[in-house]
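Atoms within a ligand are numbered from 1 in the order they appear, just like the ligands themselves.
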Amino acid sequence: MVSRPRRITSVPRFARIAAVFALLVLAPTACGGGGGHGSRGGAGLRDPYFPKAGNGGYDVTHYGLRLSYDPGPRRLTGTATITARATQDLSALNLDLKGLTVRKVTVEGEAARWKRAGQELTVRPSRALEEGETFAVTVHYSGAPKTLTDPDDSKEGWLRTADGAVALGEPAGSMTWFPGNHHPRDKAAYDITVTVPEGLRAVSNGELTAEHTERGRTTFAWHTAEPMASYLATVAIGAYEIHRSTTGGGLPVYTAVDPDQAEASRAVLARLPEVMDWAGTTFGPYPFSSVGAVVDRPDDAGYALETQTRPFFPGAPDLDTLVHELAHQWYGDSVTPRTWRDMWLNEGFATYAEWLWQEDHGGDTAQETFDALYAGDYFDTEEDDRALWAFPPARPASAAHLSDPPVYWRGAMVLHKIRQTVGDDLFHDILKGWAAAHRHGTASTGDFTAYVERQAPDEDFGRIWADWLYGEGRPKRP
Ligand code: TRP
Ligand code: ZN
């Protein structure tokens, strides 16, 4: 029997054309690449789907975020210290920030001029920065953070819960709660410190390094040493039940669960260490220093997200969803897409991980799942079965379609075609080797196809790439 997919119900919005045209017209204001005195960093990294996301001219190494939040008035006060290296001479540089009020900006401790236009915060330091120079920008800000509506109509950003908030950032929501270089290409280390009213807890990525209460407010300090894309950063605030344990391999596990979800979550979260041990065997060494989960109920969002080390679930997850979000820690979080067009490298792999888990635990084989999908016999409706062939996984139709079925299931089918070609042993080596080759980095679809070809130089993958990865419509043969 073929298990029912889960994400299809959260994709009710195939239509809706993104405002890509408007984004393109507003694209970068960079004055060429080359540096020279007076040069400005670009406002946008020209992502094919989110051209304004991220900024040129510098590379962030560390974010130090000091946040304070009051759920009642929904008020966030923040100080972001962004340490970066200039990749060109910079008379001005841009950060992405949406909503909130900027109070003050300094560069290397000196007051800087700044202005805002849409999501672009342009900072002009009192003296120009030189190529190669490491510098710190500090932004003081406050306000009620926004919820964003994605091109696909789902909600992200700073989401309200019954007693707190959860920040979800894929693909663009992180700019609603801190200024930064918000494109997956620029990964950095993080220290996130959050102060909340006593009685609530603040959970974030990485490891909890300090916690103290003073005058009715509790501060939690979280540390992420490994590179993290900003869309994977999270803060969750609530009266959580906390559970700490370790996996068989000795990895610390920290879960935070909304009390209303605690009973329903207990059995599945108890299996998290087992899933991690299986994933370590299947995908290779885990790339981070801790793991865990957050379960809470935001008002607007009903999807899970692979927030780094601490995946988020909008209610007690089922086991497949847990496997999916934990697999993303290797594929997406450690090996991060170079642009949003490479999204299938996240979702195809995480979906294939579910198939492998099923196969290894007495469920359908990946071949059976593949066959059911190809036969149009997988989803609940014919319309959903057809949606699988709407566009090629490596060329999503627009930003509105990044989370559509072709990216997930047809992406997984590409991996299965590779497995059919190279056999099980080499396929498993490729899964591990790909995660190792780009560990803590970013990678594109072209990097992936080149990697596969290097691992199996005697095979011809031309038809798989042409028909399954880049080709329109349903390929002629399964
Ligand atoms: N990445 C999430 C998952 O685990 C789903 C998701 C949330 C998503 N927001 C998105 C996918 C934006 C694409 C674009 O499946
Ligand atoms: Zn996913």
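In this structure, Arg474 is positioned above the aromatic face of Tyr374, its NZ or CZ under 6.0 Å from the six-membered ring centre and within 45° of the axis.
Between the side chains of Lys155 and Thr149, at least one donor-acceptor pair of N or O atoms lies under 3.5 Å. Under 3.5 Å, the side chains of His223 and Asp191 contain a donor-acceptor pair of N or O atoms.
Of all atoms in ligand 1, numbered sequentially from 1 with element shown, those under 4.0 Å from a heavy atom of His324 are 3 (C), 4 (O), 15 (O). Under a 4.0 Å criterion applied to the non-hydrogen atoms of Glu347, ligand 1 contributes the atoms 1 (N), 2 (C), 3 (C), 15 (O). Residue-ligand proximity, Ala304 to ligand 1, at heavy-atom distances under 4.0 Å covers atoms 2 (C), 3 (C), 4 (O), 5 (C).
Heavy atoms of Ala350 found under 4.0 angstrom from ligand 1: none, in either backbone or side chain. At a heavy-atom distance under 4.0 Å, no atom of Glu156 approaches ligand 1.
Here's the thing with Asp152: none of its N/O atoms is less than 3.5 angstrom from an N/O atom of ligand 1. Any N or O atom pair closer than 3.5 Å counts here, and Glu170 shares at least one such pair with ligand 1. Between Tyr408 and ligand 1, at least one N/O pair is under 3.5 Å apart. The shortest N/O to N/O separation between Glu306 and ligand 1 falls below 3.5 Å.
For the pair Tyr240 (side chain) and Val294 (backbone), a donor-acceptor distance under 3.5 Å is absent.
The Zn ion (ligand 2) is the vertex of the angle joining NE2 of His324 and OE1 of Glu347, which measures 110° to the nearest 10°.
With Tyr331 as the fixed residue, the ring-ring contact (aromatic ring centres under 6.0 Å, His included) test singles out one of Trp344, Trp434, Phe349: Phe349.
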Chi angles and distances behind the salt bridge (Lys or Arg N to Asp or Glu O under 4.0 Å) call for Glu383, Arg386: CA-CA 5 Å; Glu383 192 194 347; Arg386 268 200 310 276; over 6 Å; no
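Sorted by first and then second residue, the pairs that involve residues 157-173 and meet side chain to side chain donor-acceptor pair (under 3.5 Å), not counting sequence neighbours, are Tyr69-Trp158.
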